[in-house]
**Q** 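Would you mind keeping the following structure in view while I ask a few things?
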Protein chains: 2
Amino acid sequence: MAGRSREGGKRPVVPPAAGQPRAASTTSQHTSSDPQQPISRGAGARQRVLQAALQVLDDDGLPGFTMEAVARRAGASKATLYRRWPTLGALMIDAMDATFQPFSVPETGRVETDVEQLLTALVTLLEHTPFPRLLAAFIGAVERDPALAALHADLTRRRREPLLVVLDRARERGELPPDLDPEVVTDLLTGPFFYRRFIAHRPIPPDMVNDVITHVLTTPRRRTDQPT
Amino acid sequence: MAGRSREGGKRPVVPPAAGQPRAASTTSQHTSSDPQQPISRGAGARQRVLQAALQVLDDDGLPGFTMEAVARRAGASKATLYRRWPTLGALMIDAMDATFQPFSVPETGRVETDVEQLLTALVTLLEHTPFPRLLAAFIGAVERDPALAALHADLTRRRREPLLVVLDRARERGELPPDLDPEVVTDLLTGPFFYRRFIAHRPIPPDMVNDVITHVLTTPRRRTDQPT
DNA sequence: TGTTAACAGTACGGTAGCGTTCCGATGGAG
DNA sequence: CTCCATCGGAACGCTACCGTACTGTTAACA
């Protein structure tokens with residue numbers, strides 16, 4: 001019962017994680033598939049499997065993420081999967097890594113506008129793509145697999161980089177105080193949106209991007225003076 | 001094999017989620033066990049099962065969270081579980097709800113100190129208790145179960161409340177500008193820590209609490225003046 | 001002390017995933 | 001055109017979980 005789902009597997013569940021033009025994901029030594037070499041037989045199957053893996057993860061979550069399920073959805077045989085990925089974790093790593101694309105760095109000339117672009121893109125990613133569901137499953141898996149944890153840290157680092165670049169440039173231009181810590185500011189800027197989506201599980205209001213920017217991108221001045 | 005773990009179940013895996021004195025969780029109509037009524041036979045088994053559920057979730061994550069596994073760990077029969085909880089989701093809801101305890105509201109007289117206490121407690125919760133692992137599994141489950149999503153939103157609301165109270169009081173005392181939005185500030189204050197733990201998957205440095213407070217609890221002043 | 005509801009334990013048939021093996025088909029490279 | 005690595009499909013025995021049903025025991029309450 002439960003509808004075997006007719007494994008056709010045509011659904012376009014997973015567009016690339018970022019809506020921006022793609023820049024090669026540098027740190028990954030797994031994914032190759034350089035555009036010049038004609039997708040050989042092996043590479044074709046590999047791509048299908050990785051995409052199917054993301055679809056399964058998106059549809060059924062961690063409990064449904066199974067070698068059998070992925071093979072079924074990819075129209076591949078289990079032997080093919082086991083030939084390449086010895087474990088579910090390895091498959092998940094490759095699948096997540098292959099999908100990831102970082103945002104491109106905006107250059108509007110003003111910090112606020114640059115940051116606004118990046119945060120707006122983040123909100124879109126969180127609200128209108130399958131990315132958050134994948135990430136939610138990923139978060140659970142990461143707790144029990146050090147290899148996944150390492151990849152997760154790496155992906156996050158790459159995702160943070162555009163924002164860090166924007167903040168650094170702004171600081172060089174004098175738009176931000178030099179004693180400001182870009183790492184902390186990045187946490188402050190992006191943390192609340194992830195928090196809303198995954199912890200508070202509430203919608204992200206349209207003004208939130210600007211509210212966050214207003215609160216964070218402000219010359220920090222300690223409140224040494226306190227009333228009463 | 002993998003060691004059936006000899007179901008003894010003595011491990012204290014789950015101390016109450018908050019390290020603070022317990023205040024009755026108001027919104028929950030499930031959990032009863034008022035301290036005056038002597039833990040009847042049923043309630044005793046119920047408690048054991050709920051605790052076992054959290055242990056299983058903590059140890060094996062979502063994929064290992066199974067009626068059989070919980071019953072085994074609780075030393076209960078499956079019939080007992082099915083008698084009370086028709087589905088895994090219902091069991092998870094009760095288990096998470098029963099464990100939750102909100103922080104108590106500090107009253108040091110200064111916003112910064114109050115907030116510092118709450119955030120420090122949060123960091124402790126995130127770094128030295130099983131809470132984050134439970135939450136990680138929970139986040140994954142929530143994506144596919146509306147009932148869990150509702151409970152999650154409710155739990156988060158209750159968890160935010162102490163911080164909101166502190167901010168409100170501070171505003172009444174004039175320590176904070178009246179046009180400040182407590183909801184956004186709460187997101188800004190707590191979001192980064194969850195982000196570090198679950199997304200960036202990096203350690204939370206000791207200074208981070210104070211850094212965040214410094215950056216956020218500042219009179220927001222828009223940068224209408226920009227250089228160049 | 002006797003009654004009764006809740007309990008642990010066990011067993012059931014059924015389904016699903018595991019990891020591996022073999023076979024025959026097929027497409028790309030020489 | 002031929003060769004051969006790669007692929008899909010199917011089957012293997014095995015284990016685990018499902019949801020339900022039926023035992024005999026035990027603790028709470030009258």
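Below, read A as the first sequence line, B as the second, and so on, with proteins coming before strands; counting in each chain starts at 1.
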**Q** How close or far is atom C1' of C:dG19 from atom CZ of A:Arg84, stated in whole angstroms?
**A**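 To the nearest whole Å, that distance equals 18 Å.
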
**Q** If you pin B:Ala79 and A:Gly64 to their nearest nucleotides in DNA chain C, which one's is more 5'?
**A** B:Ala79

**Q** Atom CG of A:Leu91 and atom P of C:dG19: how far apart are they, to the nearest Å?
**A**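 Computing the A:Leu91:CG to C:dG19:P distance gives 12 Å.
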
**Q** With side chains defined as the heavy atoms from C-beta onward, is the minimum distance between A:Leu62 and A:Met92 less than 4.5 Å?
**A** yes

**Q** For the side chain of A:Lys78 and the base of C:dG19, is some donor closer than 3.5 Å to an acceptor across the two?
**A** yes

**Q** Using side-chain heavy atoms (C-beta onward) and a distance below 4.5 Å, is B:Pro182 in contact with B:Asp168?
**A** yes

**Q** Looking only at side-chain atoms of B:Tyr82, point me to the closest of D:dG19, C:dC7, C:dG9.
**A** D:dG19

**Q** Starting at atom CG of A:Leu88, determine the distance to atom P of C:dG17, rounded to an integer number of angstrom.
**A** 11 Å

**Q** B:Gln47 has an atom CD; how far is it from atom P of C:dC7, in whole Å?
**A**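 Checked: the CD to P distance equals 13 Å.
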
**Q** Under the criterion salt bridge (Lys or Arg N to Asp or Glu O under 4.0 Å), I'd like the reasoning laid out for A:Glu127 against A:Arg196: C-alpha separation, chi angles, the key distance, then a yes or no.
**A** CA-CA 11 Å; A:Glu127 297 217 302; A:Arg196 279 268 169 152; over 6 Å; no

**Q** Within less than 4.0 Å of OP1 or OP2 of C:dC7, is there a side-chain N or O belonging to B:Arg83?
**A**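 For B:Arg83, the contact criterion (side-chain N or O under 4.0 Å from OP1 or OP2 of C:dC7) is met.
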
**Q** Think B:Arg46 has a side-chain N or O under 4.0 angstrom from the OP1 or OP2 of C:dC7?
**A** no

**Q** Between A:Thr80 and D:dC7, is there a contact of a side-chain N or O with OP1 or OP2 at under 4.0 Å?
**A**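 Indeed not, no polar side-chain atom of A:Thr80 lies that close.
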
**Q** B:His152 vs B:Phe138 aromatic rings, parallel, tilted or perpendicular, using cut-offs 30° and 60°?
**A** perpendicular

**Q** Between A:Pro86 and B:Glu68, which is nearer to the 5' end of DNA chain C once each is assigned its nearest nucleotide?
**A** B:Glu68

**Q** Would A:Arg160 and A:Asp187 count as a salt bridge (Lys or Arg N to Asp or Glu O under 4.0 Å) here? Give the steps.
**A** CA-CA 9 Å; A:Arg160 287 164 63 91; A:Asp187 288 348; 2.5 Å; yes

**Q** Give a yes/no on whether any side-chain N or O of B:Arg72 is located under 4.0 angstrom from OP1 or OP2 of D:dA16.
**A** no

**Q** Using atom CZ of B:Phe65 as one end and atom P of D:dC18 as the other, report the distance to the nearest whole Å.
**A**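 About 10 Å, once rounded to whole Å.
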
**Q** How long is the line joining CE of A:Met67 and P of D:dC14, in whole Å?
**A** 22 Å

**Q** Compare side-chain N and O positions of B:Ser77 against OP1 and OP2 of C:dG9 and report whether any pair is under 4.0 Å apart.
**A**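 No, outside the criterion.
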
